[in-house]
Amino acid sequence: MGDYGPASNHSVDQPSATSPDVSVLITGFGPFKTNLVNASSLIAKSLPDSFTFPIPGLAGLEDRRVVLHVHPDPIPVAYSSVRESLPVILSDFATANRGRRPDLVIHIGIASPRLYYSVEHLAHRDDYNITDINGCSGYEDGEKRWKEMGLPPILSPGRAFTTKEQQDQRCKASKGSPYPPNAHFLETWKANSSADLDLRISHDAGHYLCDFIFYTSMALATQQGQDRNVLFLHVPSASEDADVERGRDITLALIKTMVSCWIDEKQSA
């Protein structure tokens with residue numbers, strides 16, 4: 001991305017592994033093309049401020065509190081908007097949270113042809129040829145700058161790119177241990193959701209704004225030497241009340257899964 005905007009005056013600390021609360025940053029997109037209403041922003045806005053759920057602990061089941069930080073404004077479906085706004089969103093979060101990144105990040109977007117819900121496994125650096133709402137491709141705002149920075153063609157959720165010694169130190173300080181969603185992650189997500197829902201892992205985020213924000217978010221974490229604690233959730237485009245409620249429940253189930261698989265399994269290992 002080259003220049004991600006002005007540097008924050010706040011140092012980015014690793015969240016404490018002993019802090020009981022988990023913070024989650026969530027974004028949705030605005031309208032584009034024939035999608036006059038974007039279900040992703042409706043789902044994001046429908047989420048509660050926080051919730052608790054039981055996790056296995058030393059004394060049996062203990063409540064884990066999760067605090068949700070939903071970005072209030074839908075992100076315009078434009079490459080330049082993502083490039084410019086995401087660093088500001090993360091900086092604002094750090095300002096409000098003693099310089100810390102969120103423990104988890106979820107970006108939500110719609111995939112109009114899909115009738116299922118999918119978590120993306122990876123994001124692409126190149127080939128953003130589909131024009132956005134401003135009639136622009138993503139080359140100048142993404143691929144060109146990312147190549148100049150030496151970023152890889154593919155990024156996936158995972159630990160920071162560090163030496164083994166740095167990784168060992170970060171393991172002691174970091175609250176979680178993210179990894180690309182796999183079969184175990186999918187099964188946990190399904191176990192946290194209603195039995196009749198079609199939930200999948202996807203390996204093609206689409207080379208459009210959904211893919212672009214996913215890569216942007218992980219590129220920012222990489223530049224800052226942080227874990228890529230980011231997922232992208234694709235939802236169907238239907239936006240009736242029942243669809244939004246279903247999307248809300250699936251998103252909450254996904255957050256529980258991220259906490260269970262990326263944070264609590266690491267702590268109990």
Side-chain angles (χ1 to χ4, degrees), residues 21-29 35 37-57 60-70 103-123 156-157 176-206 210-211 214 229-269:
D21 291 353
V22 176
S23 62
V24 187
L25 175 66
I26 301 151
T27 72
F29 277 114
N35 300 285
V37 176
N38 196 315
S40 67
S41 62
L42 298 180
I43 291 169
K45 289 178 181 178
S46 75
L47 296 169
D49 293 333
S50 65
F51 66 92
T52 60
F53 70 104
I55 60 168
L61 290 178
E62 302 173 356
D63 281 342
R64 167 71 83 174
R65 183 169 181 262
V66 181
V67 181
L68 308 185
H69 303 261
V70 177
D103 296 319
L104 304 170
V105 179
I106 300 177
H107 302 294
I108 308 175
I110 64 171
S112 298
R114 299 182 186 178
L115 299 178
Y116 55 88
Y117 297 80
S118 57
V119 165
E120 298 300 333
H121 182 273
L122 52 83
S156 293
S177 185
Y179 58 81
N182 56 16
H184 168 63
F185 189 97
L186 179 59
E187 288 306 312
T188 306
W189 187 22
K190 289 181 176 179
N192 285 324
S193 305
S194 299
D196 59 342
L197 296 173
D198 189 354
L199 310 180
R200 307 184 191 183
I201 304 296
S202 167
H203 296 269
D204 182 7
C210 295
D211 206 342
F214 192 21
N229 55 350
V230 185
L231 280 182
F232 191 92
L233 172 63
H234 259 130
V235 302
S237 60
S239 57
E240 298 296 328
D241 288 349
D243 303 308
V244 173
E245 184 176 355
R246 186 182 306 110
R248 172 185 179 275
D249 293 343
I250 286 171
T251 303
L252 291 174
L254 177 60
I255 294 169
K256 293 178 183 179
T257 302
M258 294 172 77
V259 173
S260 299
C261 292
W262 284 8
I263 295 178
D264 291 330
E265 286 185 2
K266 181 233 179 185
Q267 301 303 329
S268 62

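Throughout, residue positions are numbered sequentially from 1 according to the sequence presented.
Taking all atoms of both residues into account, the shortest heavy-atom contact from His107 to Thr27 is ND1-OG1, 2.8 Å. For the residue pair Phe232 and Gly109, the shortest heavy atom distance occurs at CZ-N, 3.3 Å. Here the closest heavy-atom approach between residue Cys261 and residue Thr188 is recorded as SG-OG1, 3.7 Å. Summarising the geometry of Ser237 relative to Ala39, their closest heavy-atom pair is O-CB, 3.8 Å, with the distance given to 0.1 Å. Of all heavy-atom pairs between Ala123 and Asp211, the closest is CA-OD1, 3.2 Å. Between Val244 and Ser239, the shortest heavy-atom contact is CG2-O, 3.8 Å.
Between Ile250 and Val235 there is no side-chain heavy-atom pair separated by less than 4.5 Å. Counting only heavy atoms from C-beta outward, the side chains of Asp198 and Leu115 never approach each other to under 4.5 Å. The closest side-chain heavy-atom distance from Phe29 to Ile110 is not below 4.5 Å. Within the 4.5 Å cutoff, no side-chain heavy atoms of Asp63 are placed close to those of Arg65. Taking 4.5 Å as the limit, every side-chain heavy atom of Ser193 sits out of range of all side-chain heavy atoms of Asp249. The shortest side-chain heavy-atom distance between Val259 and Phe53 falls under the 4.5 Å cut-off. The shortest distance between side-chain heavy atoms of Leu231 and Pro157 falls below 4.5 Å.
Atom CZ of Arg200 is separated from atom NZ of Lys190 by 9.0 Å, given to the nearest 0.5 angstrom. Atoms CG and OG, on Leu233 and Ser118 in that order, are 7.0 Å from each other to the nearest 0.5 Å. In this structure, CD1 on Ile43 lies 6.0 Å from OH on Tyr117, to the nearest 0.5 angstrom. In this structure, the separation between CD1 on Ile255 and CG on Leu104 is 8.0 Å, given to the nearest 0.5 Å. From Ile108, atom CD1 reaches atom OG1 of Thr251 across 4.0 Å, with rounding to the nearest 0.5 Å. Distance CG/Leu186 to CG/Asn182: 9.0 Å, rounded to 0.5 Å.
No side-chain donor-acceptor contact under 3.5 Å links Ser202 to the backbone of Glu120. Checked by atom type and distance alone, the side chain of Ser156 pairs as donor or acceptor with a backbone atom of His121 at under 3.5 Å. No donor-acceptor pair under 3.5 Å is formed between the side chain of Asn35 and the backbone N or O of Val37. A donor-acceptor pair is defined here as one N or O able to donate and one able to accept, closer than 3.5 Å; no such pair exists between the side chain of Asn229 and the backbone of Pro178.
Taking the six-membered ring for Trp and thresholds of 30 and 60 degrees, Tyr179 and Phe185 have ring planes more than 60 degrees apart, a perpendicular arrangement.
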Next on the checklist: Before you tell me yes or no, could you show the steps for Ser194 and Asp196 under side-chain hydrogen bond (donor to acceptor under 3.5 Å, both in side chains), namely the whole-Å CA-CA distance, both residues' side-chain angles and the distance that decides it to 0.1 Å?
Outcome noted: CA-CA 6 Å; Ser194 299; Asp196 59 342; 4.5 Å; no
Next on the checklist: side-chain contact (heavy atoms from CB on, under 4.5 Å), that's the test. Do Met258 and Ile106 meet it? Break it down for me.
Outcome noted: CA-CA 10 Å; Met258 294 172 77; Ile106 300 177; 3.5 Å; yes
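At a threshold of 4.0 Å, the pair Arg246-Asp243 counts as salt-bridged, since one of the basic side-chain nitrogens sits closer than that to a carboxylate oxygen.
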